[in-house]
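First the proteins, then the strands, lettered A, B, ... as listed; each starts at 1.
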Number of protein chains: 2
Amino acid sequence: MGAITLDDVAIKAGVSAKTVSRVVNGERSVRPQTRERVLRTVEQLGYRPNLLARGLSGSHAYTVGLVYDNPNAYYIIAMQQGALAACDDLHFGLQMRPCNARAATLAEDLRDFVHRSRLSGLVLTTPVSEHMVALRKLAAFGIPFVRILSAARNPDDGYACVFVDDRDAAYAIVSHLLQLGHVRIGLLQGGKHHHASAERRKGYKDALQHYGIPVRKELMIDGDYVFDDGFRGARRLFDLAEPPTAIFGCNDEIAAGALAAAQSAGLHVPYDVSIAGFEDSPFSRHSWPPLTTARQRADAIVERATRMLVAQINGNTVENSGFTPELVVRGSTAPPRPKRQRRQRQ
Amino acid sequence: MGAITLDDVAIKAGVSAKTVSRVVNGERSVRPQTRERVLRTVEQLGYRPNLLARGLSGSHAYTVGLVYDNPNAYYIIAMQQGALAACDDLHFGLQMRPCNARAATLAEDLRDFVHRSRLSGLVLTTPVSEHMVALRKLAAFGIPFVRILSAARNPDDGYACVFVDDRDAAYAIVSHLLQLGHVRIGLLQGGKHHHASAERRKGYKDALQHYGIPVRKELMIDGDYVFDDGFRGARRLFDLAEPPTAIFGCNDEIAAGALAAAQSAGLHVPYDVSIAGFEDSPFSRHSWPPLTTARQRADAIVERATRMLVAQINGNTVENSGFTPELVVRGSTAPPRPKRQRRQRQ
DNA sequence: GCGAAATATGACAGCGCTGTCACGCTCGTG
DNA sequence: CACGAGCGTGACAGCGCTGTCATATTTCGC
């Protein structure tokens, strides 16, 4: 019902509302003794600032928006957790919002989202963050944002970002397969409009080239970041005259599809075929065998991006920074079985 | 920058701000001709009401909170989608918020959450919704809420709810196993503080009793709604002198753990052992073999609950209503193999 | 110990909207 | 034609907070 307001605290503590406001917002110019008294009263009354009033009054709402367009539930939840951790710590609010990255009105939709709640800024995740036209518009609208994107190095294009080196991680995964002795390695690609997928393909190609192994078109299958495409893509690979002995799926869900395809075809993983994913989603731990993958700390990445955003909003200069997913070897990869021993069940 | 305000529209349309407000909020007493003109201006200027101002000014913020304490990412995302669908349709805002259902201060935490953003009400999901002490406090605080809970019928305790008949769905799953010819059926239970888990156990017991099969303690394993407990629980069942020929996991993640345990023990699913889950999460479709389960439309359930909440906030009387998850038979269940044919690999 | 500089505090307006209430206008009725 | 009922509209206050600016108080140098 009647929540406690600034005025209640002010009267009880014998100061003005503005002074309470200063204390609550950690402004400097308050005498320690006054601050102490106000703080005690705040505690005593259980005062919590009203976020709406704060947002309406100030130039922004001390709230950031997290924007995503992703089919992967685990990934979204991890991102939400990261953003929430940062916001709770920094006393910011958080608005989470799925959106359509391919809408023609993307930038305008985001602007409305920001204006309606006077958001302080946006954390943009892939693939929204790759939409340069939208980014330029957002910048023109004067909306602060930090983006997360897939890149080997700092893009230095003037927009703040946290970059994730998917190429390098994919390189590590494929190198791992090569070191096990695999030569024919299939690639199941993710969505075309995801830059990360291109980066992972680059890592795949680079690793092959580094080992002097030709890149074969027929081993690279297009698809989306979904189970069914992994399943179908793997089937196509198995049906080749000379099928691959290992498959790298561009995310765990694709790899899960490939795993199911292998098992449905009577192939034993990893003895008949090795399978690796990307992301370290719970799925990769919960399949059998568990998947070799690259650990992508989506929560940590988004947490850092959120902190950067808040710093930027507070007028501090921020440095871009990067993450490299880390190879996690599990039971789904092993050396290839010598050819004549390979068995076909069913 | 400067978003369009009510006043902008009012001036352009040659009416007062209040009239624009009336039109935007669909109040009746505006002449059709005036309404038309205002609507055109709104369209033309691309006016979107400022949610903060609306919330601060009115008695509530036209925004509902979705509260959850759940480890299951797919489940949360589905719930968020359902709530968002309802809110977008009803022109309400949505605040999504994980919480700790076992905190002693649960009700107070939720009250603060509501007050700080002047939320219009809360959608409470399990297990928060099962915390009667907290519910009573929320009611005492005057906070409207609708809860989602596991129950065979309308609890009629005066608090609005959408109830999900987990017992009945579990009964259907276990009956399916019994009809296939299974007699020894293991049960892997979910978290003790989840009422749904108790309901599912009840369905399990009822089905066995209906078929005249004794309920055996050693076939019922405690655990939480997580993969590892499914894995460990299934291992314990396999190690019994007379292991079950079928296992019912209280959710898909538990069932996934059981599936992995079976495969790691060299057991073929479903020939050596049948496994069923509950929930119809993507995982159940993406494992191999795909899991027999009960389809629980978390999105539809939460969407309905959200609509009920908004109706209640708008002062309409609302009827409680129920869902029954629906049996989905997939490849992980089959008739038991005659005993002497059962093989043990590895 | 005095004035200037620095620090601490408060008064006040206003963010954009909605609730309340009062006013004018159109009806229908006797 | 006068009157009240009812509809359509607008003026105004105020939600709880912060930004701005003015004022009160302390601090420091010489």
Open item on the list: If you compare every side-chain N and O of A/Ser29 against the phosphate oxygens of C/dT7 (OP1, OP2), does one of them come in below 4.0 Å?
Closed with: no
- [ ] Summarise how protein sits on nucleotides 11-23 of chain D as a single string, 5' to 3': B when a protein heavy atom is under 4.0 Å from the base, S for sugar-phosphate-only contact, - for no contact.
- [x] B--BBBBBBB---
Task: Spacing of A/Ile76 atom CD1 and B/Ile77 atom CD1 [to the nearest 0.5 Å] - done: 4.0 Å
Task: Separation between CE of A/Met308 and OG1 of A/Thr317, rounded to the nearest 0.5 Å - done: 10.5 Å
Task: B/Glu36 CD - D/dG8 P separation (whole Å) - done: 15 Å
- [ ] Round to the nearest Å and state the distance from A/Gln33 atom CD to D/dT26 atom C1'.
- [x] 13 Å
Open item on the list: Under 4.0 Å between a side-chain nitrogen and a carboxylate oxygen: does that hold for B/Asp69 and B/Arg102?
Closed with: no
- [ ] Give me the ring orientation class for A/Tyr225 and A/His194: parallel if the planes are under 30° apart, tilted from 30 to 60°, perpendicular past 60°.
- [x] perpendicular
Open item on the list: Is it the case that atom CZ in B/Arg35 sees more than 12 heavy atoms from other parts of the structure closer than 6.0 Å?
Closed with: yes
